[in-house]
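Letters go in sequence order (proteins before strands), and every chain restarts at 1.
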4 protein chains.
Amino acid sequence: MPTIKEQASAGSDRAEQKRAEILAAAMDAFAENGYHATKISDIAGRLGMGHGTFYRYFENKLDIFVSVIDLIIEKITSIVETDYPTATNSAAEYHQQIIRLGERIFQVFRADMRFGTILFYEALGVDQALNSKLETMLDMIAMVTELYFKNGVEKGFLRQDLDTLVLSKAITGVLVAGVRDVLAAKDPEATTKRWSKAIAGLMIGGMG
Amino acid sequence: MPTIKEQASAGSDRAEQKRAEILAAAMDAFAENGYHATKISDIAGRLGMGHGTFYRYFENKLDIFVSVIDLIIEKITSIVETDYPTATNSAAEYHQQIIRLGERIFQVFRADMRFGTILFYEALGVDQALNSKLETMLDMIAMVTELYFKNGVEKGFLRQDLDTLVLSKAITGVLVAGVRDVLAAKDPEATTKRWSKAIAGLMIGGMG
Amino acid sequence: MPTIKEQASAGSDRAEQKRAEILAAAMDAFAENGYHATKISDIAGRLGMGHGTFYRYFENKLDIFVSVIDLIIEKITSIVETDYPTATNSAAEYHQQIIRLGERIFQVFRADMRFGTILFYEALGVDQALNSKLETMLDMIAMVTELYFKNGVEKGFLRQDLDTLVLSKAITGVLVAGVRDVLAAKDPEATTKRWSKAIAGLMIGGMG
Amino acid sequence: MPTIKEQASAGSDRAEQKRAEILAAAMDAFAENGYHATKISDIAGRLGMGHGTFYRYFENKLDIFVSVIDLIIEKITSIVETDYPTATNSAAEYHQQIIRLGERIFQVFRADMRFGTILFYEALGVDQALNSKLETMLDMIAMVTELYFKNGVEKGFLRQDLDTLVLSKAITGVLVAGVRDVLAAKDPEATTKRWSKAIAGLMIGGMG
DNA sequence: TATGAATGAGCTTTCATTCAT
DNA sequence: AATGAATGAAAGCTCATTCAT
């Protein structure tokens, strides 16, 4: 039984679904061949539809690429934003909190392998505005990470002289490297765990 | 006295120089506008030469872009490869060695800002083969880093249970993040030092 | 009491009215944007109707444009055709007759500014057949004008050696120029009068 | 033997000539099929050249059309501008002067039948800027004509109360009608003379 | 009868690459 | 060896028209 909202906007729902289908096909195409090598007719062809139809749902090629990127960023943002640091009573609890944040972000990329491919391989160098959008996303992750670190410093779980700004950016870099490695790994599950453990060890006690 | 190679290619010395000039111009162009937005005639125009001449020195557009990438990778590789871990007597000395490796790599990117721009912003998504080439370069850095780590573990300067493989990749990720940050920083000098210190601290003693 | 024709097409009365509505909307659109810049969906949009509906009332885009032109030409033709030269007793009366013809035609264009815009600005260069249709309309005006002139010559109100054919075409050209000028004028009323007076003077006594 | 200028700009002369060739082919195409029905490949095809070559010599389609129009307007302008009213001693001489102006303009259109076709049939409704350019050209003709008329009024060859502004526009309208008629005439030569005579008669003595 | 989603022919424009000079 | 005019494949995008609902 359709919800009221579904009934009210039956026609627009159809369109919304079609738009989603095209978006999905575009995501496949972009992940496989990148932005420039993907033709509008490729995307349309994957759905067996005429390429003119594409333009009923998206302004142009850049528009759909940005939409794809936005979709991915939104997923990551929603994870990160709902996961602000909360009160913790022990260092152990605090460490758990940080590790959970990292694992959640990992999870997003593991859930859909195309995300990483598009974000870290195909999205750069397409458009100036897109570049800064990606930068902004990484900055946002770093900012939330820094919140955790600052919180840890305040609570005394972390060193008082910690350069939280640089370290949050560094850890974001680690995150990206980890995602890339997991994307390429034969056993992503095991690889993920290995990264979690190694990074936790690094952060907590260093390498010495 | 000219070397054998120089004698054999006496006539091609000029050619070699011209090739280098074109390569330099291409590097500027690619760093400024990216692969797709750079036209062969742009590169030729920067040298005041006819764009037909370009094809006497390079196969095609992808060829020169790969050559540019190769040039950059070569520079980094030469730094990394000449810097294999050597005997160290103390942990302090060992730490110094690692930090020096990182600083040398940083140095390459700071010496020529175009390197980072091309490698981390413009080179991705151009060509499948190029993507793997970049991966390979990062892997190579990670491999050398791992050598250091294994050496440190052996000598007892680092934890015995250290996951050297993952950590070397993670540290490479930190390196990339650092280079990006320095590229965008107002005061690259200071930023570089800040990163060095923060990362050394992280690696040696963790954040706790 | 409905006429036979009205009875026969009782059901199509609504259709006829809708056709007229679409025609009116098309006239606005064509006058504003010209033939090529006007989209079928523009016309439909002005009526808040689906653009597929358009094709129930008109064959295609050219069809409706021709219909618009025909409508305008019909209006002009009806004025001109009902205004054949009649008996006049004096030169003054005769002059009045000619001037009235001109003013009536002017009136048609002043009553609906779109007529002139479409006919003299937008209709040309669309279609070969349309070009000749416009020629034909101008010829028709010229022909009626010539009838007046011939009548004037016969009655002795005009010179015996008058080249009525050429002069009728020339006066038609004046008419077109006048309409264009009035279309662009700030005070169409005054401009119309000024033209009437000047042209009457020219025709009656020349410029000398 | 090439002139100095030809020697100095040998390369640019070639280009100039090619440009002229393309312009000529475009003029044929536009005159035959109008702006919208003419494809760039049509123009290129007429010269047996690749359509990409076109873009080495012209910005785009509108650019070459404007160039064609400008060429025509320039011809007419050069006639009109070099023919300003000069001192005349008698009414007869003055009349001759006016008639000569008209005949010269006629001449331009008779010399190349495409001029009239493009200007009066194909150029309108293509582009707003082009429309005003054509208006401006007609205005310019009218302005020069008015100069003659004002001169005639001053010298006493024409009526003192003459509405020179309106009449100059009217005569320009006659001119256009005449050109159109001659373009369509079987014997353009004879038709031209007939128009000259009839218009001269109208202007000098009216129709009465 | 009305609709608007779907279609694809058809156009303009770009630019890497070739090759005659 | 150097040039740059010529080329045409290739792609994005528009919109008149069709037709299933």
What is the distance, rounded to the nearest whole Å, between atom CD1 of Ile64(C) and atom P of dA16(F)? 12 Å

For Phe58(A), answer base if it contacts any base atom (sugar-phosphate contacts may also be present), sugar-phosphate if it contacts only those atoms, and nothing otherwise; contact means non-hydrogen atoms under 4.0 Å. nothing

Salt bridge between Arg46(B) and Glu32(B), side-chain N to carboxylate O under 4.0 Å? yes

If I compare all heavy atoms of Arg114(D) with all of Asp112(D), which pair ends up nearest, and what's the gap? NH2-OD2, 2.6 Å

Between the side chains of Tyr121(B) and Glu135(A), does any donor sit under 3.5 Å from an acceptor? yes

The answer to which of Lys39(D) and Ser41(B) contacts DNA chain E further toward the 5' end, by nearest nucleotide, is Lys39(D)

Could you give the CD1-to-C1' distance, from Ile22(D) to dA6(F), as a whole number of Å? 11 Å

On DNA chain F, check which nucleotide each of Arg56(C) and His36(C) is closest to and give me the residue with the more 5' one. His36(C)

Can you tell me the Watson-Crick or wobble partner of dA10(F), both distances under 3.5 angstrom? dT13(E)

Taking a pair to mean Watson-Crick or G-U wobble geometry with both distances below 3.5 Å, dT21(F) pairs with dA2(E)

Separation of Arg14(A) atom CZ from dT3(E) atom P, in whole Å? 18 Å

May I ask you to evaluate whether Lys18(A) reaches the phosphate of dA6(E), defined as a side-chain N or O under 4.0 Å from OP1 or OP2? yes

Does Ser67(B) reach the main-chain N or O of Asp63(B) with its side chain, forming a donor-acceptor pair under 3.5 Å? yes

Between C1' on dT1(E) and CD on Gln17(C), what's the gap in Å once rounded to a whole number? 16 Å

What are the atom names and distances for every N/O pair under 3.5 Å that joins the protein to nucleotides 17-19 of chain F?
{"unit_1": "dT17(F)", "atom_1": "OP2", "unit_2": "Tyr55(C)", "atom_2": "OH", "d": "3.1"}
{"unit_1": "dT17(F)", "atom_1": "OP2", "unit_2": "Lys61(C)", "atom_2": "N", "d": "3.0"}
{"unit_1": "dT17(F)", "atom_1": "O4", "unit_2": "His51(C)", "atom_2": "NE2", "d": "3.4"}

Is Lys133(D) salt-bridged to Asp127(D), going by a charged N under 4.0 Å from an acidic O? no

Can you tell me if Tyr57(A) touches the phosphate of dA6(E), counting only side-chain N or O atoms and a distance under 4.0 Å to OP1 or OP2? yes

Quick one: does any side-chain atom of Thr117(B) pair with a main-chain N or O of Ala31(B) as donor and acceptor, under 3.5 Å? no

Watson-Crick or G-U wobble partner for dA16(F), using a 3.5 Å limit on both distances? dT7(E)

Write down the distance between CG (Leu47(B)) and C1' (dT3(F)), rounded to a whole number of angstrom. 15 Å

Enter the distance from Glu122(A):CD to Asn33(A):CG here, rounded to the nearest 0.5 Å. 8.0 Å

By nearest heavy atom, map Met49(A) and Tyr35(B) onto DNA chain E; which one lands nearer the 5' end? Met49(A)

